[in-house]
Protein chains: 2
Amino acid sequence: MSLRFGILGLLSEWEASGYDIKKEFDDLMSIFWHSHLSQIYPELNKLEKENLIRSKLIPQEGKPDKIIYTITESGKKELIKWLLAPTETPKLKDVFLMQTFFMDNISVEEVLFKLNAYKKERTQRVVKMKQIMSERLKSIKERDVMKARILMSSVVLKRGYEQELQYIKWCEDTIQLVESCKFLWEKSEGNRAPIVPFSAVEELFMNYFSDILEEEEKEIN
Amino acid sequence: MSLRFGILGLLSEWEASGYDIKKEFDDLMSIFWHSHLSQIYPELNKLEKENLIRSKLIPQEGKPDKIIYTITESGKKELIKWLLAPTETPKLKDVFLMQTFFMDNISVEEVLFKLNAYKKERTQRVVKMKQIMSERLKSIKERDVMKARILMSSVVLKRGYEQELQYIKWCEDTIQLVESCKFLWEKSEGNRAPIVPFSAVEELFMNYFSDILEEEEKEIN
DNA sequence: CGTGACATGTAAATCGTTACATGATTTC
DNA sequence: GAAATCATGTAACGATTTACATGTCACG
């Protein structure tokens, strides 16, 4: 349901081909959505049948011809209707957190390896995002033009970036905690886990949670 | 592909029925996954056919009979194989960020309304999570037993919680920024947006980005 | 006597991914 | 000569959601 609005949103600013749209999804918009060409092309055809967009064939030399789409009045109305509709809180999906949840099934060394590897992957992502952000910032400064669209795309970029940074920090903190709780993975005779009282890790545990427990004082409303 | 491992992971600790599994998905595990009963039941049957889990019928009085599943050796092996496999960095989907990206199409008042409403919804979620967390913490303290599984579920909870807090803070910061950039939504004659030089918002803009720009100094690796 | 929790499913529809199909041009 | 980019699609499969179907018991 959201893909169509991603397309309509894009076409509300520029006209574009399916191939162009895919590139936007892979670039800036990758922070909040992604899609395959094999889903974009049929969706464009559907949108045109519903009169929300219109196409024109552009012959090209040296490259294959392309089909450029523009948004219609009715399409813009649909987009605005969607923008004003209340957003349901999203149901999260995070495969790495799921793996983490069940990591008592593998050895501590493997846990630490996984956490480090994932941190590395996230770091690579944040480096790429940083590049996108500084390039954008530079081009905004150069063109010296500010618009609502530029503002809103920038705040979205910020959200994506800070999300990454925080995930990396979480990896670091968690690696530290696991490192100091290694003994929880030890197996005594009979392949049974040793019984460890909570008090043995209470300080470490509370320290790890300190930044969110401090929030307790701040009022939430 | 992940649902099956969510089920196997759960069954690696306790035996459970489809109905029990659904409740876990709705509770703690909702931070990283969710699923409908209509998907869980067929998946359980598939897993049993593949010999990864085994079922037994438990007759009950006063309640309908239920089918309890236990994990097999082969199931546990599959789970561990998955836990050790490298995790692809997830492709994010966030409908609210997508809406935000295109909010130049609605009025500032509507933008601010949407941001406030979403902040409220996220806040409700964080309140619920807080309850879950303090209940868990209390019960861990009372039972005075620490295990790797408890540690790992706690770190996942923390991730979910801090993610929510940060989203709320982003809403607040963004509301402030939009508030001070209201004029970007103004329309002059001919329904055209006024041309605003970047310098007019540079200070606000840079201030909004300050926390992530400061990270520039810290080295990432 | 209605609602919600308990309990297990099937069917249909939609959404998303991977594989297949085609063909031109540019760059290494 | 191989790989990447440009350009548009179809087909098959897999994952997910929504609707349908059935029945018991507890609580107010």
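Computed from heavy atoms alone, side chains included, the values below leave out hydrogens, waters and symmetry copies. Order of the sequence lines sets the chain letters (A, B, ...), proteins ahead of strands, with each chain counted from 1.
Look at OH on B/Tyr41: it is 17 Å from C1' on D/dT16, rounded to the nearest Å. Between the C1' atom of C/dT8 and the CD atom of B/Glu48 lies a distance of 14 Å, rounded to the nearest Å. Distance, A/Ile40 CD1 to C/dG16 P: 11 Å, rounded to whole Å. The distance from atom NZ of B/Lys91 to atom C1' of C/dT18 is 11 Å, rounded to the nearest whole Å. Distance, A/Trp33 CH2 to C/dC15 P: 10 Å, rounded to whole Å. Between the CE atom of A/Met1 and the P atom of C/dG16 there is a distance of 10 Å, rounded to whole Å. At whole-Å resolution of the value, CZ in A/Phe5 and C1' in C/dC15 are 14 Å apart. For A/Asp65 and D/dG9, the CG to P distance is 12 Å, given to the nearest whole Å.
Distances shorter than 4.0 Å separate some side-chain N or O of B/Lys93 from OP1 or OP2 on C/dG16. Within the structure, a side-chain polar atom (N or O) of A/His34 is placed less than 4.0 Å from OP1 or OP2 of C/dT17. Put simply, A/Gln60 has a side-chain N or O that comes within less than 4.0 Å of OP1 or OP2 on D/dA7. Proximity of B/Lys22 to the phosphate of C/dT8: no side-chain N or O atom is located under 4.0 Å from OP1 or OP2. In terms of phosphate contacts, A/His36 brings no side-chain nitrogen or oxygen within less than 4.0 Å of OP1 or OP2 of C/dG16.
In this structure, the side chains of B/Lys66 and B/Tyr19 stay at 4.5 Å or more apart for every pair of heavy atoms.
Here the nucleotide nearest the side chain of A/Lys23, chosen from D/dT16, D/dC6, C/dA19, is D/dC6. Nearest nucleotide to the A/Lys63 side chain, out of C/dG9, C/dC6, D/dA7: D/dA7. Of the candidates D/dA7, C/dC15, D/dT24, the closest approach to any side-chain atom of A/Gln39 belongs to C/dC15. Comparing atom distances between the A/Lys66 side chain and each of C/dT8, C/dG9, D/dA7 picks out D/dA7 as nearest. Between D/dG9, D/dC6, D/dA19, one nucleotide has an atom nearer to the side chain of A/Tyr19 than all others, and that is D/dC6.
The base of D/dT8 does not come close enough to the side chain of A/Ser17 for any donor and acceptor atom to sit less than 3.5 Å apart.
Considering every non-hydrogen atom in both A/Phe102 and B/Gly6, the closest pair reads CZ-O, 3.6 Å.
Along DNA chain D, the nucleotide nearest A/Pro64 and the nucleotide nearest A/Pro42 are compared for position; the residue whose nucleotide lies closer to the 5' end is A/Pro64.
With respect to B/Glu78 and B/Arg4, no salt bridge is recorded, no charged nitrogen being found less than 4.0 Å from a carboxylate O.
No cation-pi contact links B/Arg54 to B/Tyr69, judged by a cut-off of 6.0 Å to the six-membered ring centre and 45° from its axis. For the pair A/Arg143 and B/Phe198, the cation does not sit on the ring face, since its NZ or CZ is not both under 6.0 Å from the ring centre and inside 45° of the axis. Geometrically, A/Lys93 does not engage B/Phe32 in a cation-pi contact, judged by NZ or CZ lying under 6.0 Å from the ring centre and within 45° of the ring axis.
Residue contacts shown for A/Ser35 are absent, as no nucleic acid heavy atom lies under 4.0 Å away. Note on A/Leu37: a base of the nucleic acid sits closer than 4.0 angstrom, heavy atoms only.
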